[in-house]
Participant: 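Handing you this structure, nothing more for now.
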Amino acid sequence: MGELDRKWLLLLVLHTLTLAADAKKERKNVLFILADDLRTSLGCYGDTLVKSPNIDQLASKSQVFLNAYVQQAVCAPSRTSMLTSRRPDTTRLYDFNSYWRVHSGNFTTLPQYFKSNGYFTMSVGKVFHPGIASNHSDDYPYSWTIPAYHPASFRFEKQKMCKGADGKLHANLLCAVNVTEQPGGTLPDLESTDEAIRLLKGRADNGAPFFLAVGFHKPHIPFRIPQEYLSLYPLDEMSLAPDPDVPRLLPPVAYNPWTDVRKRDDVQRLNISFPYGPIPKDFQLRIRQHYYAAVSYMDAQVGRLLSTLDDLGLADSTLIVFASDHGWSLGEHGEWAKYSNFDVTTRVPLIMFVPGVTADLKWPGESNFPFIDVFRWRNHSFMNAKVSRNMVELLDIFPTVSYMAGLKAPERCPDVSFQMELCTEGRNLARRFHHKEKGKNAEMLAFSQYPRPADTPQENSDLPDLRDITVMGYSLRCWDYRYTLWLGFDPSSFQVNVSDIHAGELYMLADDPGQDVNIYNETEHSVVMRKMASLPHTLSLQTRMMFQFHYLTAGMKTSKAGLW
């Protein structure tokens with residue numbers, strides 16, 4: 001090596017070390033990307049059919065949490081829970097009809113916390129659930145420096161925009177369109193990406209750190225997407241769900257009758273019996289085709305956003321979060337949509353890119369996230385940079401992002417925290433970024449819940465109003481099991497009766513990864529309840545369920561290796 005080469009190498013090392021030191025010292029910008037109804041149907045989560053190259057590229061430079069779970073599998077409760085880092089029993093939001101600051105407590109949100117620490121905070125698209133759930137303002141001015149942006153074309157989303165075989169327009173579930181024929185020649189996620197790019201360009205030369213949240217509407221129904229994305233998924237390459245039948249011994253209260261899907265014009269024409277009637281197989285394949293096409297369409301918008309971040313020289317100073325508000329059933333268990341406690345609806349992608357931590361800082365001019373055109377490069381594949389397999393919850397985003405961006409993580413909440421504006425019911429996952437997991441951690445559990453109006457499927461079972469809720473299903477997910485209890489619930493006092501057990505579910509995942517055989521035994525559980533009767537009444541429901549679960553499963557055989 002010549003003298004000039006040695007000097008160049010030394011300069012390169014010094015430059016990289018300086019950038020790394022600066023990145024650790026300075027507060028990072030935050031780009032928070034949120035998909036709607038996206039399950040773990042991504043290449044970086046092991047799905048071999050989907051084409052999601054831009055998100056996969058992000059994952060190749062990020063910490064990927066393979067087992068991240070939402071707290072309630074429906075939009076408004078999940079988003080409010082995630083952004084406040086409080087469980088639905090704390091926000092007291094189980095439907096779409098109340099604003100937590102008035103209804104429960106004046107809880108600080110993730111963007112509000114960043115705003116209070118000098119960040120310029122911006123919202124584009126669907127971040128908070130719009131309407132009364134966010135005070136008809138997306139929680140502005142508490143959470144955002146400027147009013148939230150919503151794409152103008154979204155007002156057409158539920159209208160008759162889908163051309164049918166008869167040549168007329170319908171309000172269909174399946175709605176692949178020619179974008180040039182849509183109002184304004186655009187679609188909501190295209191508009192949101194354009195606006196997010198405009199905002200990024202406006203912050204590029206501004207010294208103040210920013211927090212930009214971008215909420216994409218897809219793959220939420222209806223599948224109103226550019227028709228060319230269907231070509232990525234020929235129908236003859238699509239397959240049905242591997243477990244299309246209702247799980248054996250599933251209590252009726254647990255079933256999701258997918259009412260919103262039934263309301264679409266094209267589904268109504270199928271004349272499917274309520275609540276268990278199956279969708280014809282040819283139509284099931286088309287639903288799955290459109291869902292996957294919607295994922296690829298959304299992935300392209302993520303790619304546009306990330307490549308702009310790169311082009312503006314912001315990637316090495318910006319922490320990126322990619323997540324979803326909940327999953328979506330694609331025929332598993334005879335269900336469609338969300339509204340349940342199964343993994344397909346509660347397990348979601350959670351990906352965090354931290355420059356200088358999950359990936360090395362780039363030399364000036366090098367690209368972190370070049371845009372990948374899925375139509376030109378269909379077979380891109382990437383390896384995840386860092387992987388965490390233990391259970392985490394969306395509650396963990398608030399403390400983790402705060403800490404990794406350079407702020408102090410909020411303190412843990414006490415069991416009752418309605419009077420505390422700033423605290424977290426989640427965990428700071430910062431250790432995962434610096435230390436490799438040693439194996440299964442039995443203490444890392446995830447809890448979800450879902451309300452029902454009755455013990456049997458009703459027209460409003462998927463989304464009951466608060467006043468109609470009589471049963472709450474609480475679900476514990478660990479490495480080897482999913483354990484769920486359906487308990488009596490009083491909506492006037494928000495109280496659950498831990499002794500009023502309507503039904504139970506227990507799935508042993510080593511033998512039954514699809515959660516298709518319920519092995520819950522009422523007699524055994526009655527014995528457990530008697531043994532647990534002496535537990536203090538002040539014990540949190542999550543702790544109580546954990547004790548019950550350990551008693552119930554003691555002695556059961558589980559896989560020692562699991563997914564490791």
Side-chain angles (χ1 to χ4, degrees), residues 72-74 77 88 94-95 241-263 267 270-279 284 326-346 447-477 481-491 496-509 512 514-526 528-529 541 545 548-549 552:
Q72 187 177 326
V74 70
Y94 312 104
D95 56 16
D243 51 350
D245 298 323
V246 175
R248 193 187 314 164
L249 301 180
L250 182 76
V253 69
Y255 186 74
N256 143 39
W258 38 279
T259 308
D260 61 340
V261 170
R262 296 173 188 272
K263 292 178 180 177
V267 178
L270 299 174
N271 197 28
I272 301 166
S273 62
F274 184 91
Y276 297 110
I279 293 177
Q284 288 189 38
H326 45 72
W328 214 78
S329 296
L330 282 171
E332 295 88 355
H333 313 122
E335 297 183 335
W336 302 85
K338 46 248 186 183
Y339 315 123
S340 83
N341 282 318
F342 287 114
D343 272 20
V344 285
T345 66
T346 57
F447 291 91
S448 304
Q449 62 188 98
Y450 210 87
R452 294 285 191 235
D455 289 329
T456 55
Q458 309 292 312
E459 289 288 343
N460 65 336
S461 283
D462 290 348
L463 193 59
D465 290 340
L466 173 61
R467 64 178 181 272
D468 297 325
I469 298 171
T470 64
V471 187
M472 187 71 73
Y474 291 93
S475 194
L476 176 159
R477 178 65 157 85
Y481 298 94
R482 179 172 283 284
Y483 168 54
T484 304
L485 285 180
W486 295 90
L487 305 173
F489 182 83
D490 181 354
V496 61
N497 185 345
V498 295
S499 300
D500 182 19
I501 301 175
H502 289 234
E505 298 170 75
L506 182 63
Y507 304 96
M508 186 182 289
L509 302 175
D512 181 23
Q515 299 164 33
D516 298 315
V517 180
N518 179 17
I519 60 172
Y520 176 85
N521 185 302
E522 289 187 15
T523 302
E524 290 179 0
H525 198 270
S526 296
V528 170
M529 290 298 289
L541 180 66
M545 281 192 69
Q548 292 171 351
F549 162 73
L552 191 63

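All heavy atoms count here, side chains included; hydrogens, waters and symmetry mates do not.
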Participant: Please round to the nearest 0.5 Å and tell me the distance separating atom NZ of Lys263 and atom CD of Glu459.
Facilitator: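 Taking NZ in Lys263 and CD in Glu459, the distance rounds to 8.0 Å.
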Participant: Write out all pairs satisfying side chain to side chain donor-acceptor pair (under 3.5 Å) with one or both partners inside residues 241-255, taking only residues at least two apart or from two chains.
Facilitator: Tyr255-Trp258
Participant: Evaluate the side-chain proximity of Tyr474 to Val498: yes if any heavy-atom separation is below 4.5 Å, no if none is.
Facilitator: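 Heavy-atom side-chain distance check fails, nothing below 4.5 Å.
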Participant: When rounded to the nearest 0.5 angstrom, what distance separates CD in Gln458 from OG1 in Thr259?
Facilitator: 10.0 Å
Participant: Between Asp490 and Met472, is there a side-chain heavy-atom distance shorter than 4.5 Å?
Facilitator: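 The answer is no, as the side chains (C-beta and beyond) never meet within the 4.5 Å cut-off.
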Participant: When rounded to the nearest 0.5 angstrom, what is the spacing between CG in Leu487 and OG1 in Thr470?
Facilitator: 11.5 Å
Participant: Do Trp328 and Leu330 have side chains that get closer than 4.5 Å, going by heavy atoms?
Facilitator: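 They are in side-chain contact.
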Participant: Run the side chain to side chain contact (heavy atoms under 4.5 Å, CB included) test against Asp500 and tell me which residues pass, sequence neighbours left out.
Facilitator: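 Per chain and number, Asp500 pairs via side chain to side chain contact (heavy atoms under 4.5 Å, CB included) with Asn497, His502.
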Participant: Please tell me if the side chains of Pro252 and Tyr276 come closer than 4.5 Å, counting only heavy atoms from C-beta onward.
Facilitator: yes
Participant: Can you measure from CD1 (Ile519) to CG (Leu506) and round to the nearest 0.5 angstrom?
Facilitator: 4.5 Å
Participant: Working to the nearest 0.5 Å, report the span between CD of Gln515 and CG of Leu250.
Facilitator: 11.0 Å
Participant: Under 30°, 30 to 60°, or over 60°: which ring-plane class applies to Tyr507 and Phe342, parallel, tilted or perpendicular?
Facilitator: tilted
Participant: Mind checking whether Leu270 and Ile279 have side chains closer than 4.5 Å, heavy atoms only?
Facilitator: yes
Participant: Using side-chain heavy atoms (C-beta onward) and a distance below 4.5 Å, is Asp462 in contact with Pro257?
Facilitator: yes
Participant: Can you spot which of Gln449, Glu505, Arg482 makes a side-chain hydrogen bond (donor to acceptor under 3.5 Å, both in side chains) with Ser475?
Facilitator: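 Result: among Gln449, Glu505, Arg482, Arg482 is the only option passing the side-chain hydrogen bond (donor to acceptor under 3.5 Å, both in side chains) with Ser475.
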Participant: Would a 4.5 Å heavy-atom cut-off, applied to side chains only, mark Ser526 and Ile501 as touching?
Facilitator: no
Participant: Would you compute the distance between atom CG of Asn256 and atom OG1 of Thr345 and round it to the nearest 0.5 angstrom?
Facilitator: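 If we round to the nearest 0.5 Å, Asn256:CG and Thr345:OG1 are 8.0 Å apart.
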Participant: Only counting residues at least two apart or in another chain, list the ones meeting ring-ring contact (aromatic ring centres under 6.0 Å, His included) with Phe489.
Facilitator: Tyr94
Participant: So, Asp260 and Tyr339: side-chain donor and acceptor under 3.5 Å apart, yes or no?
Facilitator: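 Result is yes, a qualifying pair exists.
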